[in-house]
Participant: 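Take a look at the following structure, please.
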Amino acid sequence: QVQLVESGGGLVQAGDSLRLSCLVSGHTSYSFAMGWFRQAPGKERRFVAAISWNGGNTFYADAVKGRFTISRDNAKNGLYLQMNNLKPEDTAVYYCAARGGSFYYTNPYEYDNWGQGTQVTVSS
């Protein structure tokens, strides 16, 4: 099990950028894949981006492809999401997630460790 704490959310205008961070603690000595998900009010939690244990493989939802970049720094136990050209439809609570494994996973049910979330609000 690992513990995850997100930060970096906020209120921005359309076209602005934000960088989310997720600090990982706990049993970090094993390989684990990570991902970002988001949940808007009244909607289900949806996949945003995922990354393999060594950062060599990444995958994005179509809605964010070309605007968001997922990365990780295992030496710093950090996961990041650089979000550029934000749109009002990106407004949601963003969660980081982790699970054992070396590849990447896109289904939220495949993850067993979650952070508490950070709010991102994009005004038009």
Participant: Might you point out which heavy atoms bring A14 and P88 nearest each other, and give the distance in Å?
Facilitator: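 Answer, listing the atom of A14 first, then P88: CB-CD, 4.2 Å.
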
Participant: Just verifying a value: how many Å separate E6 CD and S21 OG, rounded to the nearest 0.5 Å?
Facilitator: 10.5 Å

Participant: Taking I70 as the fixed residue, which of Y80, Y104, Y60 is the one that meets the side-chain contact (heavy atoms from CB on, under 4.5 Å) rule?
Facilitator: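 The option that passes is Y60.
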
Participant: Whether the side chain of Q82 engages the backbone of R19 through a donor-acceptor N/O pair (distance < 3.5 Å, no angle test) should be reported.
Facilitator: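 No, because the side chain of Q82 does not come within donor-acceptor range (under 3.5 Å) of the backbone of R19.
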
Participant: Just by distance, do the side chain of T118 and the backbone of G9 share a donor-acceptor pair under 3.5 Å?
Facilitator: yes

Participant: Hey, any chance F59 and W53 share a hydrophobic cluster, counting ILVMFWY side chains that come within less than 4.5 Å of each other, even indirectly?
Facilitator: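 Cluster IDs for F59 and W53 differ.
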
Participant: State plainly whether the residues K65 and D62 are in salt-bridge range, i.e. N to O under 4.0 Å.
Facilitator: yes

Participant: Consider side-chain contact (heavy atoms from CB on, under 4.5 Å). Of T91, V93, V64, which one does R38 pass it with?
Facilitator: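 Of T91, V93, V64, side-chain contact (heavy atoms from CB on, under 4.5 Å) with R38 is met by V64 alone.
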
Participant: Using a 4.5 Å cut-off on heavy atoms from C-beta on, say whether the side chain of L86 contacts that of L18.
Facilitator: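 SC-SC contact between L18 and L86 confirmed.
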
Participant: Under a 4.5 Å cut-off applied to non-hydrogen side-chain atoms, are L81 and T69 in contact?
Facilitator: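 Not in contact.
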
Participant: For a side chain to side chain contact (heavy atoms under 4.5 Å, CB included) check, start with the C-alpha distance between Q116 and L4, then their side-chain angles and the critical distance, and finish with the verdict.
Facilitator: CA-CA 8 Å; Q116 82 290 348; L4 309 173; over 6 Å; no

Participant: Does L20 reach the side chain of L79, with side-chain heavy atoms less than 4.5 Å apart?
Facilitator: no

Participant: Compare all side-chain heavy atoms of S17 with those of M83 and state whether any distance is below 4.5 angstrom.
Facilitator: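 Sidechains of M83 and S17: no contact.
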
Participant: Cation over ring, R99 on Y105, under 6.0 Å and within 45°?
Facilitator: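 Output yes; distance and angle both within limits.
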
Participant: Measuring centre to centre across the rings, with the benzene-like ring taken for any Trp, is F37 within less than 6.0 Å of F47?
Facilitator: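 Between F37 and F47, the centre distance is under 6.0 Å.
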
Participant: Going only through I, L, V, M, F, W and Y residues with side-chain contacts under 4.5 Å, is there a path from Y95 to Y111?
Facilitator: yes

Participant: How far does OH of Y94 sit from OG of S7, to the nearest 0.5 angstrom?
Facilitator: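 Y94 OH to S7 OG: 15.0 Å, rounded to 0.5 Å.
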
Participant: As a quick check of understanding, evaluate side chain to side chain contact (heavy atoms under 4.5 Å, CB included) for V122 and E89, giving each step before the final call.
Facilitator: CA-CA 8 Å; V122 184; E89 51 264 42; over 6 Å; no

Participant: So does Q39 get a backbone contact from the side chain of E44, meaning a donor-acceptor N/O pair under 3.5 Å?
Facilitator: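 No; zero donor-acceptor contacts below 3.5 Å.
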
Participant: Less than 4.5 Å apart, any side-chain heavy atom of R72 and any of N54?
Facilitator: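 No, side chains not in contact.
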
Participant: Would you mind reporting whether V5 and Q3 have side-chain heavy atoms less than 4.5 Å apart?
Facilitator: no

Participant: Write down the atom of A98, the atom of V2, and the distance for their closest heavy-atom approach.
Facilitator: CB-CG2, 3.9 Å

Participant: Counting N and O atoms only, with roles assigned by atom type, does the side chain of T121 sit under 3.5 Å from a partner on the main chain of L11, one being a donor and the other an acceptor?
Facilitator: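 The answer is no, because no donor-acceptor pair under 3.5 Å joins these two groups.
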
Participant: Let me confirm one number: the CD-OG distance from Q13 to S124, rounded to the nearest 0.5 Å.
Facilitator: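 That separation rounds to 9.0 Å.
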
Participant: Do W36 and L23 belong together in a cluster built from hydrophobic side chains that touch within less than 4.5 Å?
Facilitator: no

